Amino acid sequence: MRHHRVRLIAVVLVAALFWPLLLSAQGTRADYERAASLREKWQSLPVDLPERPSWIGKTHRFWYRKSVIGGFEFVLVDADKASKGPAFDHGKLAAALAVELKDKVDPQKLPFTRINFTDDEKGVKFEAGGFRWTYDPAAGTLAKDGPVEPRRPGNDGMGQGGPPAEAASAGFKASPDGKWEAFIRNYNVFVRAKDKAAKLEFAMSLEGSEGDYYTYRSLAWSPDSKKIAAVKVKPGYHRFVSYIESSPADQRQPKYSEIEYAKPGDVLDLDQPVLFLLEERRQIRVDGALFPNPYELTPPVWRKDSRAFTFEYNQRGHQIYRIIEVDGATGAARAVLSEEPKT
């Protein structure tokens with residue numbers, strides 16, 4: 001009993017000696033705020049660092065976002081003219097958005113990272129403040145298109161995140177000649193005549209299911225309107241990491257969010273490209289020997305002469321990156337380019 005009392009006194013004395021050090025090790029509010037701002041500080045240090053470019057439809061123009069002193073800038077490039085410049089007047093857009101959001105908007109720190117152009121390229125679409133917007137660069141006007149629809153973490157069926165609701169039912173993709181429409185029904189690819197009076201509709205696939213489904217986003221018509229490329233996704237294991245922001249800047253209550261984050265060994269989604277021949281009402285499953293262990297497959301893109309379509313393959317582990325071409329008549333695949341670093 002005496003030994004226990006001596007031991008307890010010793011523990012109390014040690015705790016009393018080190019308690020001030022433990023308290024100081026926890027840090028102050030200023031310490032945490034400074035740590036939270038590190039990403040914003042170092043992210044703005046590089047200048048003229050471009051992000052991934054995005055082509056505008058079937059044109060020879062593309063846009064990308066790059067770092068500038070004090071923030072970021074959206075750049076528009078015309079490959080035919082070998083010219084580039086700001087995608088829009090950042091100052092005017094920021095001013096218009098500030099009026100709508102009733103808050104300050106920094107032209108070099110716009111509250112969005114991606115944009116899309118309207119079909120006529122006269123408008124710039126983006127999401128900010130929980131709404132979808134269209135900005136008219138010529139008129140300097142901003143139109144609210146509606147609220148942002150809730151999304152499940154992950155993407156919409158080209159990689160992680162399925163099966164999305166659109167795999168069961170979605171919109172219609174018209175063929176280039178305007179005669180047909182492709183769509184997803186019950187996880188399968190269907191085609192119907194655009195002329196409703198014809199009342200012609202047929203299935204191009206029947207084997208799709210909730211556990212192995214075709215995606216609307218991947219549907220790609222050939223320029224001659226005789227073929228369709230699509231991707232079927234077999235979902236893997238989707239692991240989510242949860243975050244709790246204890247002291248958000250815009251409200252008193254904590255905020256909860258989560259992102260999808262696969263760990264080593266987790267089964268990823270398996271993407272399978274499929275070729276559909278419209279006139280023969282036939283499908284051809286592309287041999288996956290050249291893309292056996294995908295981390296990501298990009299959506300299919302057709303050659304202008306409809307002879308083949310291509311997609312990019314990023315192998316899990318990022319040790320192999322290939323551009324794969326699939327013959328539009330036979331479905332045979334070949335590697336147009338294969339990067340296989342040894343390190």
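Sequence positions, counted from 1, serve as the residue numbers for this chain. Remember, predicted model here, so these are calculated numbers, not experimental data. When reading the values below, keep in mind they use all heavy atoms of this one structure, side chains included, and skip hydrogens, waters and symmetry mates.
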Electrostatic pair D305-R307, nearest N-O below 4.0 angstrom: yes
Validation row: I184, V189 side chains within 4.5 angstrom (heavy atoms): yes
Parallel, tilted or perpendicular: rings of F88 and F74 (30°, 60°): tilted
Heavy-atom side-chain contact between F309 and K227 under 4.5 Å: no
Rounded distance [0.5 Å steps], CZ in R282 versus OG in S205: 15.0 Å
Donor-acceptor contact below 3.5 Å, side chain W180 vs main chain S225: no
Minimum side-chain heavy-atom gap L93-P107 below 4.5 Å: no
Criterion side-chain contact (heavy atoms from CB on, under 4.5 Å) against I284, the qualifying member of T330, L275, D327: L275
Side-chain H-bond candidate by donor/acceptor type, S83 with D78, under 3.5 Å: no
Co-membership, hydrophobic cluster, residues W55 and V75, 4.5 Å side-chain: yes
Donor-acceptor under 3.5 Å (Q272 side chain, V286 main chain): yes
Gap between atom CG of L97 and atom NZ of K102 - 0.5 Å precision: 11.5 Å
Where E210 and Y187 come nearest, the two heavy atoms and their spacing: N-CD1, 3.8 Å
Minimum heavy-atom distance K194-G178, with the two atoms named: CD-O, 3.3 Å
Donor-acceptor contact present, side-chain S67 to main-chain L49, <3.5 Å: yes
Rounded distance (nearest 0.5 Å) linking atom CD of E296 with atom CG of N314: 6.0 Å
Inter-residue atom distance E181.CD - L219.CG, 0.5 Å rounding: 12.0 Å
Student check: side-chain heavy atoms of R303 and E325 closer than 4.5 Å: yes
Side-chain heavy atoms of V191 within contact of F202, under 4.5 Å: yes
Mutual orientation of the aromatic rings belonging to W133 and F126 [parallel < 30°, tilted 30-60°, perpendicular > 60°]: parallel
Nearest atoms (heavy-atom pairs only) where K84 meets Y64: NZ-OH, 3.8 Å
Nearest non-hydrogen partners of F311 and P299, listed with the distance: CB-O, 4.2 Å
Residues, nucleotides or ligands: over 12 heavy atoms within 6.0 Å of Q251 CD: yes
Same cluster (ILVMFWY, side-chain, under 4.5 Å), L142 and V105: yes
Distance-minimising heavy-atom pair for T134 and G123: CG2-CA, 4.3 Å
Neighbour count above 12 (heavy atom, 6.0 Å) for F112 CZ: yes
N188 side chain to N186 backbone, donor-acceptor under 3.5 Å: yes
Qualifying salt bridge (Lys or Arg N to Asp or Glu O under 4.0 Å) pairs, either residue in residues 230-257, two or more places apart: E207-K232, D212-K232, R239-D266, D250-K255
Backbone N/O of D224 and side chain of S306: donor-acceptor pair under 3.5 Å: yes
Contacts of type ring pair (Phe, Tyr, Trp, His ring centres under 6.0 Å), residue Y313, not counting sequence neighbours: none
For P235 against G211, the heavy-atom pair lying closest together: CD-O, 3.2 Å
Atom pair OG (S246) and OH (Y256), whose distance is rounded to the nearest 0.5 Å: 15.5 Å
Side-chain (K173) to main-chain (R217) donor-acceptor, under 3.5 angstrom: yes
Validation row: T113, F72 side chains within 4.5 angstrom (heavy atoms): no
Under-4.0 Å salt bridge between E340 and R322: yes
Heavy-atom donor-acceptor pair, D136 side chain to T141 backbone, under 3.5 Å: no
Evaluation steps, side-chain contact (heavy atoms from CB on, under 4.5 Å), between F183 and R185: CA-CA 7 Å; F183 60 101; R185 175 185 291 164; 3.8 Å; yes
M204 with L200, same ILVMFWY side-chain cluster at under 4.5 Å: yes
Among T310, L297, L290, side-chain contact (heavy atoms from CB on, under 4.5 Å) partner for I324: L290
Reported CD1-to-CD distance for the pair I228 and Q283, which is rounded to 0.5 angstrom: 11.5 Å
V124 with F131, same ILVMFWY side-chain cluster at under 4.5 Å: yes
Student check: side-chain heavy atoms of K226 and E279 closer than 4.5 Å: yes
Where at least one partner belongs to residues 318-343, residue pairs that pass ring-ring contact (aromatic ring centres under 6.0 Å, His included), sequence neighbours excluded: Y295-H318
Side chain proximity check, W221 to L278, heavy atoms < 4.5 angstrom: yes
Test side-chain contact (heavy atoms from CB on, under 4.5 Å) applied to K92 and Y135, step by step: CA-CA 10 Å; K92 289 184 177 179; Y135 176 68; 3.3 Å; yes
Pair L76-F117, side-chain contact (heavy atoms from CB on, under 4.5 Å): steps then yes or no: CA-CA 11 Å; L76 180 63; F117 285 84; 4.2 Å; yes
Cluster overlap V241 with I244, hydrophobic side-chain contacts below 4.5 Å: no
Verdict with reasoning, R132 to K125, per side-chain contact (heavy atoms from CB on, under 4.5 Å): CA-CA 7 Å; R132 294 177 289 109; K125 292 182 173 292; over 6 Å; no
